Each structure stands twice: as structure tokens, then as C-alpha cells.
Amino acid sequence: EPQPIAESVYRTVLESGDLGQLDAACRDAARFGQNERLKALRDRLMVVAPAPQPFAVVTSNARALLACRAPESAQQVLSRYGPGEGAHRRTWLLLSWRAAAAALDHEAAILALRRYADGDLVRLDSVRLQVGETDAGQPLTRSALDQLADHEAALGRIDRAVAVALSGRPTGLEGAERLAQVARWQEALGRYDASNLLDAALDQAAVAEAWALAEELLKLQLRLERKAGGDGSRPRARLERLATRVDDRYTLWQLLHHDAPSEATEGRRRELERQLAAPQPNPVNTSLKESD
């Protein structure tokens, strides 16, 4: 079984290791949950490269502190350097965002991303930010534009979040999820007219064959139309067709549960309740075309 580095190796790195070795020791300590080592390594990283330092040293120091789960300290180290224009500034801003996001410092995260955009938010749509890792250790990334919108929403600035999200060019599955989030934010603001947004999201979900997302979008559209005073018959019919095709009995049961009671609906509802205990087959390919 994997083991943390030996105590003697750790001590040597702590006392005389360079930034690369300290970074590796931080990752090792974080992996094995060795909090005492993490604390000692953080303290060492704050004094191992005192200002002033060249750009490469400052950024390496900040990355090592992030590996040591010390984002506030990473922000402090980054503040020692004032980058000019060009690649160094872009790298510094994205690293500043990473430290701020890890520290849940939404204001600083917003500032870093807006400075990176330099007045052109569409630029953020093509910037991929790592937001985690898969179980296999592969990076999970997300559009910087979506991250900026989330930071604005986290501070309760929903109008700004909507404006940021709609400034991009959403496509594919990620685009469908973005439009769905915009519709939810608008719902929170008491704005229920989101049919055009959700229709566009449904088209993209259908192309990606993301049927679970398509069902979620139709449920959202149904709820919003009813809140706006409509009967929601169009999204309800589409949702019922889709749920039938992918054999989503629970969604079908929910639809019947909210319908006006009748002998036919009650019989169908009881039958679905009986079937819900049985295993369900895998979803099949389907379509969201209204003509079906």
C-alpha cells in the first residue's frame, strides 16, 4: 500500500528543500492527511523565498502553498509581485483566481477574472479552469465565464450572474447546463419567461443525447410556465413523451400525481407505484421533436 515519505526525507526537505521538493512534500502530506506536516511545510514556504523574487519563483511558491492547502497564504505570496502586460500577467491572474476560489474569496476571484477579460467577457468562454479531478486523477475543467457567473451569484448578485452567463456563446452540453442555470437564476428574481432559453438548451441537450438533463430542463420549463400563469401543457406533453421513451416511471408518476384526479389517472398512478420497485432498463435513444 502507498505510504507517505519517510520522516527523515520529510525533515530534510523541510529544512533545506527547494520549492519543487516542498511542493511534492505538500502533495504527499495532503494525500495522506498529515496535518502537522502540512502546517510545518506552510510555515517554511512563507519564508523560503522572501521578496523580491522573479516571476517564476513567486508562482512556484504560490502553487506549492496551494498544494499545502493554504490558499490565503498563496494570495499573500502573489501580492508580492506586480505583473506587467502579456503572458506573465495572464498566468498571474489565473493563479490569483485559483487561490481566491480555494479561499472562497469571491470578490478577489471576480476581480482576477474580470481583469483577465479586460472588458471582453466573451474571452473567458474559451478559458478552461481546473475545478477538480476525476477519481482517476484527470483534471475537471470549466469555462472561466461560468466560474465568474457563479462567483457573482455566490455574493447574491444574481442580475450580474445572468448578464455574465448570457454574454458568452453557449454550445453543447455545457451550453445547455449554462442556459438552465440562467433560467433558475431568473426564477429566483421572479422572472418566469424563459421559454426561449430553455428551448435552446433542450436542442443542445438532444444533440448530446443528455436525456437526464433534458428531463430536468422540461421540468424547469413546466414549473416556470405554471408560475407565469400558464397551464404548462406544452412542456408537460414533451416531458411525458420523453419519460415514456426512457422508461422513467418516477417522472411519469410525478406528472400523474399533479394532474386532476380521475379514475384513469388514479389507476395508472397505482400501476406505476407498483412498477417502481422493479428494475428499470437502460434509457433508449429518443428525440425531443415536438412532432413525435
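Keep in mind that this is a model prediction, so the values were computed, not measured. These values consider heavy atoms only, across backbone and side chains, with no hydrogens, waters or symmetry-generated copies.
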Measuring from [X]:[atom1] to [Y]:[atom2], what's the distance to the nearest 0.5 Å?
| X | Y | atom1 | atom2 | value |
| --- | --- | --- | --- | --- |
| D193 | Q186 | CG | CD | 8.0 Å |
| L124 | S167 | CG | OG | 7.5 Å |
| R27 | R63 | CZ | CZ | 9.5 Å |
| L93 | R98 | CG | CZ | 15.0 Å |
| E177 | L213 | CD | CG | 5.5 Å |
| L242 | K219 | CG | NZ | 10.0 Å |

Looking only at the side chains, is there a donor atom on one of D199 and Q221 sitting less than 3.5 Å from an acceptor on the other?
yes

Looking at side-chain heavy atoms only, is the closest gap between [X] and [Y] below 4.5 Å?
| X | Y | answer |
| --- | --- | --- |
| C68 | D23 | no |
| T141 | V131 | no |
| E240 | L252 | yes |
| P2 | R31 | yes |
| L111 | H106 | no |
| V127 | L145 | no |
| P54 | Y81 | no |

If I compare all heavy atoms of [X] with all of [Y], which pair ends up nearest, and what's the gap?
| X | Y | answer |
| --- | --- | --- |
| A108 | Q75 | CB-NE2, 3.9 Å |
| R226 | D231 | NE-O, 3.6 Å |
| L179 | A200 | CD1-CB, 3.9 Å |
| N61 | A49 | ND2-CB, 3.8 Å |
| L95 | A62 | CD2-CB, 4.0 Å |
| P50 | V47 | CD-O, 3.4 Å |

Go through the steps to decide whether R11 and E15 satisfy the test salt bridge (Lys or Arg N to Asp or Glu O under 4.0 Å), and finish with yes or no.
CA-CA 6 Å; R11 286 291 172 188; E15 294 170 8; 5.5 Å; no

Would you say [atom1] of [X] has more than 12 non-hydrogen atoms from neighbouring residues, nucleotides or ligands within 6.0 angstrom?
| X | atom1 | answer |
| --- | --- | --- |
| R115 | CZ | no |
| D120 | CG | yes |
| K39 | NZ | no |

Mind checking whether [X] and [Y] sit in one hydrophobic cluster, side chains of I, L, V, M, F, W, Y counted as touching below 4.5 Å?
| X | Y | result |
| --- | --- | --- |
| V58 | L94 | yes |
| L113 | V182 | no |
| L224 | I158 | no |
| L166 | L198 | no |
| W211 | L173 | yes |

E187 and Y192: side chain to side chain contact (heavy atoms under 4.5 Å, CB included), yes or no, with the steps?
CA-CA 6 Å; E187 180 183 17; Y192 307 132; 4.1 Å; yes

Are any side-chain N or O atoms of [X] and backbone N or O atoms of [Y], one a donor and one an acceptor, separated by less than 3.5 Å?
| X | Y | answer |
| --- | --- | --- |
| Q181 | R178 | no |
| Q204 | A176 | yes |
| R142 | L129 | no |
| T171 | G175 | no |
| E209 | A206 | no |
| R157 | E152 | no |
| W92 | L78 | yes |
| T59 | A56 | yes |
| D125 | R169 | yes |
| T251 | D248 | no |

In terms of relative ring orientation, are H151 and W97 parallel, tilted or perpendicular, with 30° and 60° separating the classes?
perpendicular

D28 and R37: side chain to side chain contact (heavy atoms under 4.5 Å, CB included), yes or no, with the steps?
CA-CA 9 Å; D28 183 84; R37 285 189 180 185; 4.1 Å; yes

Option among L222, L239, L202 that satisfies the side chain to side chain contact (heavy atoms under 4.5 Å, CB included) test with L217:
L202

Step-by-step side chain to side chain contact (heavy atoms under 4.5 Å, CB included) determination, E133 to L140:
CA-CA 5 Å; E133 290 184 350; L140 290 172; 5.7 Å; no

Does a salt bridge link [X] with [Y], judged by any charged N lying under 4.0 Å from a carboxylate O?
| X | Y | value |
| --- | --- | --- |
| R42 | E72 | no |
| R128 | E174 | yes |
| E216 | R184 | yes |
| R238 | E225 | no |
| R191 | D159 | yes |

D247 vs R245, salt bridge (Lys or Arg N to Asp or Glu O under 4.0 Å): CA-CA, chis, key distance, verdict
CA-CA 5 Å; D247 199 18; R245 292 185 177 184; over 6 Å; no

Determine, for Y116 and R90, whether the Lys NZ or Arg CZ falls below 6.0 Å from the six-membered ring centre while staying within 45 degrees of the axis.
no

M46 vs L65, side chain to side chain contact (heavy atoms under 4.5 Å, CB included): CA-CA, chis, key distance, verdict:
CA-CA 8 Å; M46 290 302 294; L65 282 162; 3.8 Å; yes

